[in-house]
Amino acid sequence: MTRVTQQTARIVFFLSAAVSAMAAALVFGFLLVFGFPLIGGGEFFSLLARPWSPGQGLYGFLPMITGTAAISFLSIVFALPLSLGTVCFMGGLGPARISRLVDGFVRFMTGIPTVIYGFLGIFLLVPVVRTLFTSAGSGMCILSASLMLSLLVSPTMIIFFKDGFDSVDVRYIQAADALGADSVQRLIYVILPEAWPGIVTGIIMGLGRAMGDTLIALMIAGNAVHVPGSILDSARTLTSHIALVSASDYDSLAFKSIFACGLTLYVLNAFAVIAVRKLGKKRGQAR
Amino acid sequence: MDKPVKIRVENLTFSYHQTPVFEHINLEFDAHAITAIIGPSGRGKSTFLSLLNRLWESQPFARMEGKVWILLDGQWVDIYGKTLSKPDLRRKVGMVFQTPNPLPMSIYKNMAFPLKLTGVADKSLIEEKITAALRQAFLWDEVKDRLHDSAFSLSGGQQQRLCIARALVSQPEILLLDEPTSSLDAGAASVIEDLLVRLKERCTLIVVSHYLDQVSRIADTALKLEARGFSPV
Amino acid sequence: MDKPVKIRVENLTFSYHQTPVFEHINLEFDAHAITAIIGPSGRGKSTFLSLLNRLWESQPFARMEGKVWILLDGQWVDIYGKTLSKPDLRRKVGMVFQTPNPLPMSIYKNMAFPLKLTGVADKSLIEEKITAALRQAFLWDEVKDRLHDSAFSLSGGQQQRLCIARALVSQPEILLLDEPTSSLDAGAASVIEDLLVRLKERCTLIVVSHYLDQVSRIADTALKLEARGFSPV
Amino acid sequence: MTIRILGGCLRVFSWGAVLVLTGSVLVLLGYLLVKGVPSLGRDLIFGQVDVLDAVLLKKRVFDGLFPAIAGTLSVVALSVGLAVPVGVCAGIYMSEFATVFQQRVFGLMFDILAGIPSIVIGLFGFSGAIFIHKYISNDFRPCLAVSVAALAFLVLPYITRTTQAAMQGLSIQIRQAALALGATRVQNIFYVLLPRSFSGILSGIILAIGRCAEDTAVIMLTGVVATAGIPGSLLGSYEALPFYIYYISSQYTDAAELMSGYGAAIILLGVCAVLFFLAFLIKRHLAGPAGPARGRFHG
Amino acid sequence: QAGAIDPFSGLSGEIRISGGTAHIPVMKEAAKQIMRANPEISISIAGGGSGVGIKQVGEGIVDIGNSGRAATDAEVEKYGLKLFKWAIDGVGAAVNPGNPVTSLTKAQLKDIYSGKITNWKDLGGKDAPITVYTRDESSGTRAVFWKKALDKGDIVSSANFVVSNGAMKTAIANDPNAIGYVSVGHMDASVAGVALDGVPPTIDTVKSGEYKVARGLYSNTQGDPSGLTKLFIAYLLSPEGQRIVVQKGFVPVN
Ligand SMILES: Nc1ncnc2c1ncn2[C@@H]1O[C@H](COP(=O)(O)OP(=O)(O)OP(=O)(O)O)[C@@H](O)[C@H]1O
Ligand SMILES: Nc1ncnc2c1ncn2[C@@H]1O[C@H](COP(=O)(O)OP(=O)(O)OP(=O)(O)O)[C@@H](O)[C@H]1O
Ligand SMILES: [Mg+2]
Ligand SMILES: [Mg+2]
Ligand SMILES: O=P([O-])([O-])[O-]
């Protein structure tokens with residue numbers, strides 16, 4: 001291979017990386033420019049804390065922020081134990097043969113479309129929730145949405161956890177085995193500490209997936225525009241809000257507000273990413 | 001001298017993917033003795049050791065038949081039977097690998113690891129045991145000032161001595177060593193040899209080695225691995 | 001006999017993270033000779049070899065100063081200069097590692113790999129060269145029926161011979177061997193020793209070894225690594 | 001001993017987690033199949049049109065899912081085809097060439113991009129289309145091309161990150177082996193590092209394919225419609241299965257339409273399953289004899 | 001039959017339609033008739049609501065933007081819209097068929113929507129909380145209902161949102177405690193129309209003018225329509241098109 005092809009390859013790699021990285025900035029730029037009329041007036045932060053009532057010219061999205069927070073947090077609360085348990089099962093606590101089956105099943109789950117969860121949510125879960133909890137009204141509520149969401153985010157988390165587990169060098173596992181570690185000890189002392197970056201990545205990805213999902217909340221959370229008071233209340237997420245309002249007049253303030261919503265999601269996400277990266281790094285150094 | 005037997009291998013057959021490595025082996029190993037295993041590369045020396053602590057079981061496509069008995073507390077135990085768990089077995093049958101395999105932690109933590117597994121919590125006890133084992137493996141002087149460095153910053157030979165020291169910490173009754181001096185210089189090798197000889201008091205040792213001179217220096221018995229079986233030397 | 005010099009090391013200083021390993025070394029290595037490097041574990045033998053093919057550069061926090069010259073086609077080339085690319089250098093300066101490192105592919109592909117790198121496409125030529133190299137490393141008989149098995153299914157010693165054979169394929173002018181017989185039995189080791197001696201015709205060899213008897217058998221010169229420098233033996 | 005008790009709890013807990021997770025998904029899918037299988041049939045996909053005529057695009061299918069299936073397949077193929085080369089190259093750069101500083105900055109950008117909700121990417125695609133429509137070409141509208149581009153943005157960071165992680169996970173021995181034989185950095189990448197990390201990269205691509213096939217939020221803002229026929233050009237509207245399911249779930253007018261929704265859900269699931277198994281087979285085939293040892297946690 | 005679709009024959013091209021969701025059944029049927037006879041023509045239909053239809057046609061993103069309310073003067077002026085009304089429709093409050101409450105006064109309806117009445121037992125029904133459903137601001141159906149049935153009164157913020165007439169109907173059909181409002185043309189046995197001050201929302205009461213919450217269904221174009229778009233609108237207004245209107249449950253204009 002000549003020096004030229006070397007250089008060319010290198011440049012191609014660099015450009016790809018640069019372009020991909022710029023994509024994040026590009027999205028940010030678009031949101032900023034399109035949402036400028038609302039944000040520019042320094043109103044952005046007051047929007048966060050205000051209700052939504054276009055009739056009175058109020059375009060705050062406090063309801064959507066609380067809705068998003070409630071639904072995504074609750075779904076991680078459901079999904080994290082499920083995912084950790086499952087990955088520990090595959091990491092040596094369960095029989096090898098069943099683990100392999102579970103692994104295949106989980107990978108298959110990543111392929112189950114979110115819209116199918118929404119669809120089944122409407123026809124299977126919502127009626128159940130409605131009958132179990134009379135105060136859930138229609139059954140379209142935070143609880144229904146987070147339950148469905150937890151199934152959506154679990155496989156994502158499990159796969160990243162599992163990648164972390166798999167990246168542990170076989171020789172470490174052999175060393176621990178030869179020293180008489182049982183499967184639990186091997187897991188706790190060798191695999192989990194080594195797999196920590198994978199676990200952090202998994203949680204980022206899971207949370208991102210939960211906050212970023214539109215369809216499940218749109219289809220089964222009810223979309224009411226108010227600050228929810230309980231997990232049995234109907235609620236609207238920022239994402240559903242964008243989906244619902246992207247349909248209004250371009251030049252209306254309501255339409256511009258969805259860019260502010262998008263921006264909020266963007267910033268929330270960026271904060272989460274930075275925070276969790278910091279956390280992972282600290283842990284890495286402590287070892 | 002008529003030493004009591006410690007390990008008895010009965011009619012053992014082993015294969016990787018259909019290819020047989022051992023066929024119908026019957027062997028006995030004396031207690032408190034060093035048995036050397038020699039033989040050309042690729043005949044199954046490392047594999048044989050892994051049969052004694054069941055470590056081969058993590059290999060796919062490996063198959064074993066036959067029995068291995070070990071005398072523990074005056075009782076003959078079938079190590080492939082139900083009475084003894086694999087972790088317990090491996091604590092009693094220590095192993096040092098052909099290539100050193102420190103865990104991804106500090107030198108200190110590597111040494112404390114076997115103790116942690118058995119739930120020892122007393123800090124001073126841990127330090128005492130670690131120091132003793134490192135001294136025995138002639139590594140103490142080289143690492144005493146950098147116990148909290150990563151074990152990977154050690155050289156190949158230092159890593160191997162670390163692994164020997166680590167195996168000694170849990171005071172195994174049997175110690176399997178796979179070419180324990182292959183990455184050591186002559187000086188370091190001879191102190192390790194001394195160490196092995198001294199360990200006979202406490203352990204039964206099985207050592208894989210290429211060096212006939214080494215074998216003649218330390219081993220009480222030597223077994224040569226021929227195609228699919230052993231012959232005494 | 002007054003052999004011409006092949007490698008000249010000038011005022012070389014090397015350190016990992018601030019800790020010096022070598023300081024101001026000056027050395028010469030004879031062409032078509034075997035120079036043995038001996039010394040206690042952890043002194044920097046492996047590190048020294050990596051200075052001759054620039055492989056240390058993939059380590060983080062390593063620093064080098066000084067010059068290394070190699071005589072190629074009658075010309076003294078500064079291997080850290082601009083004239084020679086790293087891949088070219090490494091093709092001329094082959095290396096066999098302390099622990100065998102076959103690539104994750106079949107035995108055949110491992111052997112064909114160096115040829116693939118230089119763009120050799122002629123199938124029969126490839127096979128010829130591979131067979132020759134495997135024969136030279138005394139591995140041919142053991143692997144000829146399983147050339148398309150994964151290289152990882154070989155035993156430790158077989159893997160090491162594979163790595164020697166692989167280094168020979170691209171016909172290097174210099175061959176660096178880091179304890180090349182440490183995982184071989186005495187028989188296999190002595191054939192490798194013979195091989196090394198025969199290779200002198202074509203190559204300049206630098207061999208790290210622990211075994212003084214081996215060194216005395218094969219080496220033309222021996223250098224002992226003391227704290228931060230070499231002394232002749 | 002506390003570790004024993006902890007171990008027991010952990011074991012029970014892990015069994016429980018597996019049972020709850022797989023159990024609930026199996027119940028859901030079972031319900032879908034029981035309700036939906038009766039609707040499956042030739043008519044569900046092709047309506048009254050002859051299969052061959054439909055597939056050869058001789059006749060249009062109105063009462064079937066054929067246009068939506070074709071739309072979904074095109075959108076997946078195009079967007080993954082766009083994202084994979086760029087993503088893998090970017091991942092290679094990150095793992096093999098990037099300085100520590102670049103790794104930190106680019107890495108942060110990728111994580112951010114990966115976390116951006118798909119609806120926001122959809123909004124971005126939508127506003128981009130509006131922008132082009134207003135300032136560049138009046139004929140440009142949200143369409144297949146916009147969806148494809150937006151979806152590629154969506155999955156790019158997944159591919160980049162998994163490529164990077166897979167390559168960085170390789171040991172120093174593997175990295176140095178080919179270098180010592182005289183490989184250039186680029187040769188080392190293509191001959192050793194990439195093949196060695198292939199299964200890791202492929203798992204990223206599986207994730208990407210899954211996301212493209214199932215994503216509804218992006219496409220609902222960038223050009224998908226309820227009725228459009230087979231996608232004829234990159235600049236036209238198109239139908240897609242996930243959007244159809246969403247649409248039917250909330251606006252079915254009679255039992256027959258609802259049944260077609262169940263049918264579409266089963267087909268989408270089937271499409272995803274086929275994609276999944278295809279990728280799985282490729283992965284297993286390529287992992288070959290030197291592939292990762294199985295059952296390493298079960299010694 | 002001297003086909004109203006004859007003018008399309010031999011033509012090719014694309015018509016993009018979006019907007020009002022009340023219109024969709026008619027749009028789909030018309031498109032199907034046209035495309036079946038003329039494979040070279042493709043017609044895409046999207047929803048979104050009336051607001052979206054007006055906006056998108058105004059911006060030139062679609063060729064026809066449907067609305068379930070007349071475009072405002074401001075909208076007409078801003079985009080140069082042309083309005084074509086091809087059916088008359090009503091908007092009726094609706095509940096689940098299992099609900100005994102089938103008639104409400106306007107005051108009761110306003111109280112329900114403003115959140116003053118929250119339990120069906122206050123209206124003579126069973127003891128269960130009322131789930132209020134509404135549409136987003138873009139909906140023409142909502143605009144008409146809000147103006148003519150609620151007299152522009154408040155809509156409680158805890159109301160569930162749905163995105164189309166079809167979705168509203170489905171939601172009500174599935175929720176025993178629901179109340180919502182839906183295009184009269186869409187009403188069928190799956191929901192029960194609620195009589196408002198004694199007048200049930202049916203196609204006949206709308207036609208007779210007795211039921212007051214009525215509106216036209218419009219297709220809007222930017223400027224005078226031309227080409228395929230013109231033919232499509234002509235088709236809707238033709239006898240054949242009007243037959244589809246009747247078939248789908250609306251009042252024809254001709
Ligand atoms: N996992 C495996 N799968 C298939 N074959 C294997 C596996 N491990 C080892 N072998 C084969 O089994 C035989 C014995 O291997 P083993 O590692 O026990 O040899 P050894 O005697 O220790 O050799 P050396 O002295 O070179 O280390 C060899 O031929 C080797 O190729
Ligand atoms: N990457 C690294 N970072 C820091 N220190 C290192 C690194 N690699 C090696 N060292 C240290 O440098 C010294 C020389 O190591 P080297 O591997 O060259 O020793 P060696 O002479 O080959 O020993 P052995 O015979 O045991 O293989 C050792 O003290 C080792 O701990
Ligand atoms: Mg071996
Ligand atoms: Mg070394
Ligand atoms: O018909 P609408 O969707 O505008 O209510």
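Numbered from 1 within each chain, the chains take letters A, B, ... in sequence-line order.
Here A:Arg209 pairs with D:Glu214 in a salt bridge; the nearest charged N to carboxylate O distance falls below 4.0 Å.
In terms of the ring pair (Phe, Tyr, Trp, His ring centres under 6.0 Å) criterion, residue partners of D:Phe131 (sequence neighbours excluded) are, by chain and number, D:Tyr135. Residues that satisfy the side chain to side chain donor-acceptor pair (under 3.5 Å) test with D:Arg161, not counting sequence neighbours, are D:Asp111, D:Gln164.
Taking the side chain as every heavy atom from C-beta outward, A:Thr86 and D:Ser14 never approach each other to under 4.5 Å.
Contacts with chain A were tallied for D:Pro85, D:Gly107, D:Ala114, D:Gly125; D:Gly107 has the most, counting heavy-atom pairs under 4.5 Å. Options D:Ile92, D:Val120, D:Leu32, D:Ile112 differ in how many heavy-atom pairs under 4.5 Å they form with chain A, and the most are formed by D:Ile112. Ranked by heavy-atom pairs shorter than 4.5 Å toward chain D, the options A:Phe160, A:Phe105, A:Phe28 are led by A:Phe105. Of the listed residues (A:Thr239, A:Asp163, A:Asp213, A:Leu215), the one with the most heavy-atom contacts under 4.5 Å to chain D is A:Leu215. Chain A forms more heavy-atom pairs under 4.5 Å with one residue of D:Phe243, D:Tyr158, D:Trp15 than with any other, namely D:Trp15. Put simply, of D:Val20, D:Leu221, D:Leu108, the one with the most heavy-atom pairs under 4.5 Å next to chain A is D:Leu108. Among D:Pro157, D:Ala273, D:Gly91, D:Ser127, the residue with the largest count of heavy-atom pairs under 4.5 Å with chain A is D:Ser127. Of the listed residues A:Gly212, A:Ser16, A:Pro81, the one with more heavy-atom pairs under 4.5 angstrom with chain D than any other is A:Ser16. Contact count against chain D (heavy-atom pairs under 4.5 Å) is highest for A:Ala23 among A:Ala270, A:Gly208, A:Ala23. Of the listed residues A:Val102, A:Val87, A:Leu26, the one with more heavy-atom pairs under 4.5 angstrom with chain D than any other is A:Leu26. Between chain D and the options A:Gly262, A:Ser20, A:Ala9, A:Ala79, the largest number of non-hydrogen pairs under 4.5 Å is found for A:Ser20.
Residues A:Ser240 and A:Thr237 have side chains that bring a donor and an acceptor to within less than 3.5 angstrom of each other.
When heavy atoms are compared at a cutoff of 4.5 Å, D:Tyr246 approaches chain A by way of both its backbone and its side chain. Only the side chain of A:Ile158 comes within less than 4.5 Å of a heavy atom of chain D; its backbone N, CA, C and O stay farther away. Contacts of D:Ala265 with chain A are made by both backbone and side-chain atoms, with heavy-atom separations under 4.5 Å. For chain A, the nearby parts of D:Ile116 are the backbone and the side chain; heavy atoms of each come within less than 4.5 Å. Heavy atoms of A:Tyr266 lying under 4.5 Å from chain D belong exclusively to its side chain. Residue contact with chain D, scored on non-hydrogen atoms closer than 4.5 Å, involves the backbone and the side chain of A:Val27 alike. When heavy atoms are compared at a cutoff of 4.5 Å, A:Leu238 does not approach chain D at all.
For residues 119-126 of chain A, a heavy-atom distance under 4.5 Å to chain D picks out A:Phe119, A:Leu120, A:Ile122, A:Phe123, A:Leu124, given by residue number.
Screening residues 8-23 of chain D for salt bridge (Lys or Arg N to Asp or Glu O under 4.0 Å) gives no qualifying pairs among residues at least two apart or on separate chains.
Here the side chain of D:Gln103 pairs a donor or acceptor atom with the backbone of D:Met94 at under 3.5 angstrom. A donor-acceptor pair under 3.5 Å is formed between the side chain of D:Gln102 and the backbone N or O of D:Thr99.
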